[in-house]
Asks: 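Can you keep this structure in mind? I'll have questions shortly.
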2 protein chains.
Amino acid sequence: MITIQELDTYRLEMAANMLKAIAHPMRIAILKHLEGGKKLTVTEIHELLGIEQATTSHHLGILKDKGVLCSRREGKNTSYYLKHDILSQIIDCLQKCTCE
Amino acid sequence: MITIQELDTYRLEMAANMLKAIAHPMRIAILKHLEGGKKLTVTEIHELLGIEQATTSHHLGILKDKGVLCSRREGKNTSYYLKHDILSQIIDCLQKCTCE
DNA sequence: GCCAAATATTTATATATTTGCATCTGTTAA
DNA sequence: TTAACAGATGCAAATATATAAATATTTGGC
């Protein structure tokens, strides 16, 4: 038996965890490259952003773990993509709010 | 003289800081109450959410410092409100993404 | 000026994140 | 079955954040 408050607390925490996952400069940069349903491999992202392979994989793992991204193994590579297209809204909003 | 990369890095950090400010269960709850241009005082928020006054003020300070909220002193009270209406998009998106 | 109400700041402790490096695990192709 | 490539994981040091309690500041009314 779960109460409304608990449900709400649970959802708030889930939402906070998703946002916390996104709230990092590198991870926002990753999401920018995945807008519009694009799929990229770990190597592509690590080359695009010029960061270590292990660091890239770590960031992608966080985003996947918190429900922001999905991944799919394709041979030697693993591609990552947005779990919900609607997440682009957050990136859009950030672009607009950091224009000043 | 500032380079494109530096500008981009700066904006990414600014965006990350805004999101980091929002990415906390209590602070998301606060924003939910401020959607639609509403203005609430510190006391109203601390009573609505049932958290300590000092804690409330602390959370509001973080949101203001990172550019999410604005505040306005009105007599003994201080009201807080969203700096950009568009920030509701983030709350909307979170509601939709945490429905499962 | 002085008090009380409404906010804000400070401090300390506990906890969580970030990052690079090294290492380990899968997978393909020879 | 082994070499080489792609990705994931574990660890440690530096850094950042959270939380609660105590204290400070600002404002209006007397």
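It should be emphasised that the depicted structure is a prediction, and the values quoted were computed from it without experimental measurement. In what follows, chains carry the letters A, B, and so on, assigned in the order in which the sequence lines appear, proteins first and then strands, with residues in each chain numbered from 1.
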Asks: Can you check whether A/Gly75's main-chain N or O pairs, donor with acceptor, with A/Arg73's side chain at less than 3.5 Å?
Replies: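 A pair under 3.5 Å: yes.
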Asks: Answer yes or no: is there a side-chain heavy-atom contact under 4.5 Å between A/Arg27 and A/Val68?
Replies: no
Asks: Scan residues 42-52 of chain B against DNA chain C and write down, sorted by residue number, each residue with any heavy atom closer than 4.0 Å; if none is found, say none.
Replies: B/Val42, B/Thr43
Asks: Would you kindly give the NZ-to-P distance between A/Lys20 and D/dT17, to the nearest whole Å?
Replies: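 After rounding, the reported distance stands at 11 Å.
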Asks: Nearest 0.5 Å please: distance from the CD atom of B/Gln89 over to the CD atom of A/Gln89.
Replies: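 Nearest 0.5 Å value for the CD-CD distance: 4.5 Å.
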Asks: Judged by atom type as modelled, is there a donor-acceptor pair below 3.5 Å linking the side chain of B/Ser88 to the main-chain atoms of B/Asp85?
Replies: yes
Asks: What protein N or O atoms touch nucleotides 26-29 of chain C N or O atoms at under 3.5 angstrom, if any, and at what distances?
Replies:
none

Asks: Does atom CD (B/Gln95) have a neighbourhood of more than 12 heavy atoms from anything else shown, all under 6.0 Å?
Replies: yes
Asks: Taking C-beta and beyond as the side chain, do B/Leu19 and A/Ile90 meet within less than 4.5 Å on heavy atoms?
Replies: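 Counting from C-beta outward, B/Leu19 and A/Ile90 do come under 4.5 Å.
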Asks: Going through the checks in order, is the side-chain contact (heavy atoms from CB on, under 4.5 Å) test met by A/Cys99 and B/Arg11?
Replies: CA-CA 8 Å; A/Cys99 269; B/Arg11 280 189 66 189; 4.1 Å; yes
Asks: Taking the side chain as every heavy atom from C-beta outward, state whether B/Leu49 and B/His33 have any pair of such atoms under 4.5 Å apart.
Replies: yes
Asks: With heavy-atom distances below 4.5 Å as the criterion, would you say the side chains of B/Leu69 and B/Leu82 are in contact?
Replies: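 Side-chain contact under 4.5 Å: yes.
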Asks: If the threshold is 4.0 Å, N to carboxylate O, is there a salt bridge linking A/Lys38 and A/Glu44?
Replies: no
Asks: According to a hydrophobic-cluster definition based on side-chain heavy atoms being under 4.5 Å apart (Ile, Leu, Val, Met, Phe, Trp, Tyr only), do A/Leu31 and A/Ile86 belong together?
Replies: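 Per the 4.5 Å side-chain linkage, A/Leu31 and A/Ile86 are not co-clustered.
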Asks: Going by heavy atoms closer than 4.0 Å, what residues in residues 21-41 of chain B are next to DNA chain D?
Replies: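 Output list: B/His24, B/Arg27.
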Asks: With a cut-off of less than 4.0 Å, is there a side-chain N or O of B/Asn77 near OP1 or OP2 of D/dT27?
Replies: no
Asks: B/Asn17 has an atom CG; how far is it from atom P of C/dT18, in whole Å?
Replies: 12 Å
Asks: In terms of hydrophobic clustering (I, L, V, M, F, W, Y; side-chain heavy atoms under 4.5 Å; direct or indirect links), are B/Leu60 and B/Ile62 co-clustered?
Replies: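 No, because B/Leu60 and B/Ile62 fall into different hydrophobic clusters, even though each may have its own neighbours under 4.5 Å.
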Asks: Please tell me if the side chains of A/Lys96 and B/His84 come closer than 4.5 Å, counting only heavy atoms from C-beta onward.
Replies: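 No - every pair of side-chain heavy atoms lies 4.5 Å or more apart.
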Asks: When you compare the side chain of A/Asn17 with that of A/Lys20, does any pair of heavy atoms fall below 4.5 Å?
Replies: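 Side chain of A/Lys20 against side chain of A/Asn17, heavy atoms only: contact under 4.5 Å found.
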Asks: Does A/Tyr80 put a side-chain nitrogen or oxygen below 4.0 Å from OP1 or OP2 of D/dA6?
Replies: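 No, outside the criterion.
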Asks: Is there a side-chain contact between B/Thr43 and B/Glu47, using heavy atoms and a 4.5 Å cut-off?
Replies: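 Heavy-atom side-chain distance check passes, below 4.5 Å.
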Asks: Distance from A/Glu13 atom CD to B/His24 atom NE2, nearest 0.5 Å?
Replies: 9.5 Å
Asks: What I'd like to find out is whether the side chain of A/Cys93 reaches to under 4.5 Å of the side chain of B/Leu87, using heavy atoms alone.
Replies: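 Yes, close enough: below the 4.5 Å cut-off.
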Asks: Does the side chain of A/Thr55 get closer than 4.0 angstrom to OP1 or OP2 of C/dG20 through an N or O atom?
Replies: yes
Asks: Heavy atoms only, 4.0 Å cut-off, all strands: where does B/Thr78 land among base, sugar-phosphate and nothing?
Replies: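 Sugar-phosphate contact only - B/Thr78 comes under 4.0 Å of backbone atoms but never of a base.
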Asks: Run the side-chain contact (heavy atoms from CB on, under 4.5 Å) check on B/Ile28 and B/Ile22 step by step: do they pass?
Replies: CA-CA 6 Å; B/Ile28 293 175; B/Ile22 302 175; 4.3 Å; yes
Asks: When you check the phosphate oxygens OP1 and OP2 of C/dT17, does a side-chain N or O of A/His59 lie under 4.0 Å from one of them?
Replies: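 No, A/His59 has no side-chain N/O under 4.0 Å of OP1/OP2 on C/dT17.
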Asks: Figure out the CG/P separation between A/Leu63 and C/dT18, and round it to whole Å.
Replies: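 For the pair A/Leu63 CG and C/dT18 P, the rounded distance is 10 Å.
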Asks: Which atoms of nucleotides 10-15 of chain C (N or O only) lie under 3.5 Å from a protein N or O atom, and what are those distances?
Replies:
none

Asks: Does B/Ser57 make a side-chain N or O approach to OP1 or OP2 of C/dA8 shorter than 4.0 Å?
Replies: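 So the side-chain polar atoms of B/Ser57 do come within 4.0 Å of the phosphate oxygens OP1 or OP2 of C/dA8, strictly under.
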Asks: Can you list, in residue-number order, the parts of residues 64-72 of chain A that come under 4.0 Å of DNA chain D, counting heavy atoms only?
Replies: none
Asks: Quick check: any donor-acceptor pair below 3.5 Å linking the side-chain of A/Gln53 to the base of D/dA8?
Replies: yes
Asks: Report the distance from atom CD1 of B/Ile62 to atom C1' of D/dA16, rounded to the nearest whole Å.
Replies: 12 Å
Asks: For the helix from C/dG1-D/dC30 to C/dA30-D/dT1, what angle lies between the axis at the first five pairs and the axis at the last five pairs, to 10 degrees?
Replies: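 Nearest ten degrees gives 30° for this helix.
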Asks: Quick one: do A/Tyr81 and A/Ile45 end up in the same hydrophobic cluster if we chain Ile, Leu, Val, Met, Phe, Trp and Tyr together by side-chain heavy atoms under 4.5 Å apart?
Replies: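 Shared cluster, no.
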